[in-house]
There are 2 protein chains.
Amino acid sequence: MTEQSAPTTAAGGQGSTARGEQTRQLILDTAMRLFRERGYARTTMRAVAQEAGVAVGNAYYYFGSKEHLVQEFYAGTQREHREAAAPVLARERDFGPRLAGVLHAGVDVLSPYHAFAGAFFKTAAEPTSPLSPFSAESSAPRDMSIALFREALTGSTVKLDEELREALPELLWLGYMGVVLYWVHDRSEGQVKTRQLIDGVVPLVDRLVGLSRLRVLRPVTRQALTLIHTLRH
Amino acid sequence: MTEQSAPTTAAGGQGSTARGEQTRQLILDTAMRLFRERGYARTTMRAVAQEAGVAVGNAYYYFGSKEHLVQEFYAGTQREHREAAAPVLARERDFGPRLAGVLHAGVDVLSPYHAFAGAFFKTAAEPTSPLSPFSAESSAPRDMSIALFREALTGSTVKLDEELREALPELLWLGYMGVVLYWVHDRSEGQVKTRQLIDGVVPLVDRLVGLSRLRVLRPVTRQALTLIHTLRH
DNA sequence: TCAGCGATTTGAACACGTTCAAGAAGGGTT
DNA sequence: AACCCTTCTTGAACGTGTTCAAATCGCTGA
């Protein structure tokens, strides 16, 4: 019994013991499979429980809500994204290809879930939800993702303003969120459009980053960086 | 809600007769009041019906779902936005102030609903939903909104490339969506941050639009416009 | 006046997410 | 073994959005 504490949010067991961990994985795998097969809305918690061979309440012992299952998915793709991007980051040295590689890797990883990704993004947009990629609770996976873009930048040969170098990773991540938003709405065959978006936008960004050191653009760059700094605090 | 939901019939009566129209308005007003007072999630359809003095099913006769009530709100703010922006557009001639005026007007109109705006944006992000601002069903209000930004541009004295002039309104609208997204997540007192964002970003945009005709930037501009054109079809 | 007919209204019923009090299972301590 | 305490599991019950067959309303033409 959880007579005390048990704050509304805190999902039950952390899964430290082997017993619990196993059940947790079973439920999660079942849910993911059903999400892929039937989509998010048509997958009921009762169905997940039944297919996993447990009681409904048991699913809620491990996952605070149906949406928490989605967050788990979010965290999972995070890891996969990192792995999928590794080869390109090891091979390429130019900023453009590195950035394109990371972006394409992100879409690659998400691909199998395009059908129900809408539900994913739905929770993502909710500001009060801890599942939002902007929320404090999501800072861990978000920081991991931002680190990926930082690596794409710092591992490259590109030259740029020190202050811009510092702010850029987060901006790139934000752009990535934009790409994902486009991808979610992308109805084209195999989401080719999103690929075109990436291939078209990367050279632009690359070019602009290079140009940012030009005398004409220097003030604009500074102004933008100041704004970002203002908004951050 | 994502994949299916079998729209059986579109939302019921169009409200052509006086009898129906009256009930429809009553339900809508009641819902809006409760949304403001209690927020979206805590406003049940039963409560709306009860406060309006009708049966639950009656509300569903006029509005296909709870979310359709939100769309009604969306359409309403559209009109208000237009009105709120009118004075500035009549007064100012410079592009910067005109754009700032439109953006501030948008936030002004939305202000009273900040508390439950999250729910609004939640449906907005759902790609399969007809309520999404990107969906075909929402094209009417979207086009109205884009027209507002077009007016901010064409009514100004700014000089720019013809092709850019054509594409810019939609881009500005997209930027406005970004501002709204920021606003939704804005936890600062009275959403001051959003105001700072607008006041900071407008001069930047203004500056960049002016710069876009420079020889160094011409190729970048062209490249960007080509990309947009590619993605549109 | 009144039968007919579409528009409107009703509220019980359904499906789903979620909660919770009651237990069962383990594992350690004596 | 007996006991206790934490972890885990159960399923009935609750509140909510939504549906639908039936009832009612209000007008039109005979």
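Residue numbering restarts at 1 for every chain, and letters A, B, ... go by the order of the sequence lines. Model, not experiment: these values are computed from the prediction.
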Checklist entry - Please walk me through it: do B:Tyr113 and B:Trp183 pass ring-ring contact (aromatic ring centres under 6.0 Å, His included)? => result CA-CA 11 Å; B:Tyr113 302 94; B:Trp183 173 78; 9.0 Å; no

Next on the checklist: Pair B:Arg46, B:Glu51 - check salt bridge (Lys or Arg N to Asp or Glu O under 4.0 Å), show working.
Outcome noted: CA-CA 9 Å; B:Arg46 283 169 180 80; B:Glu51 290 265 320; over 6 Å; no

Next on the checklist: Checking B:His81 against B:Tyr176 for the ring-ring contact (aromatic ring centres under 6.0 Å, His included) test, could you report, in this order, the C-alpha distance in whole Å, the side-chain angles of both residues, the deciding distance, and whether it holds?
Outcome noted: CA-CA 12 Å; B:His81 188 182; B:Tyr176 173 54; 5.3 Å; yes

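Comparing D:dT10, C:dT18, C:dG17 against the side chain of A:Ala55 picks out D:dT10 as the nearest. Taking the side chain of A:Tyr61 as heavy atoms from C-beta on, and the options D:dG17, C:dG17, D:dT9, the nearest nucleotide is D:dT9.
The cationic atom of A:Lys66 (NZ for Lys, CZ for Arg) lies less than 6.0 Å from the six-membered ring centre of A:Tyr40 and within 45° of the ring axis.
Between the P atom of D:dT18 and the NZ atom of B:Lys66 lies a distance of 8 Å, rounded to the nearest Å. At whole-Å resolution of the value, NE2 in A:His68 and C1' in C:dG17 are 14 Å apart. Distance, B:Gln50 CD to C:dT9 C1': 17 Å, rounded to whole Å. Rounding to whole angstrom units, CZ of residue A:Phe63 and P of C:dG17 are separated by 15 Å. The CZ atom of A:Arg38 sits 14 Å away from the C1' atom of C:dC16 (whole-angstrom rounding). Put simply, OH on B:Tyr60 is 17 Å from P on C:dA12, counting in whole angstrom units.
Using a 4.0 Å heavy-atom criterion, one finds that B:Val56 contacts the bases of the nucleic acid, with or without backbone contacts as well.
Along DNA chain C, the nucleotide closest to A:Met45 and the one closest to A:Gly57 are compared, and the more 5′ of them pairs with A:Met45. Between A:Asn58 and A:Arg46, the residue anchored nearer the 5' end of DNA chain D, judged by the nucleotide with its closest heavy atom, is A:Asn58.
OP1 and OP2 of D:dG15 both lie 4.0 Å or more from every side-chain N or O belonging to B:Thr44. One finds a side-chain N or O of A:Tyr62 lying less than 4.0 angstrom from the OP1 or OP2 phosphate oxygen of D:dT9. Contact check, A:Thr23 against D:dT9: a side-chain N or O comes under 4.0 Å of OP1 or OP2.
Between the side chains of B:His104 and B:Asp199, at least one donor N or O lies within less than 3.5 Å of an accepting N or O.
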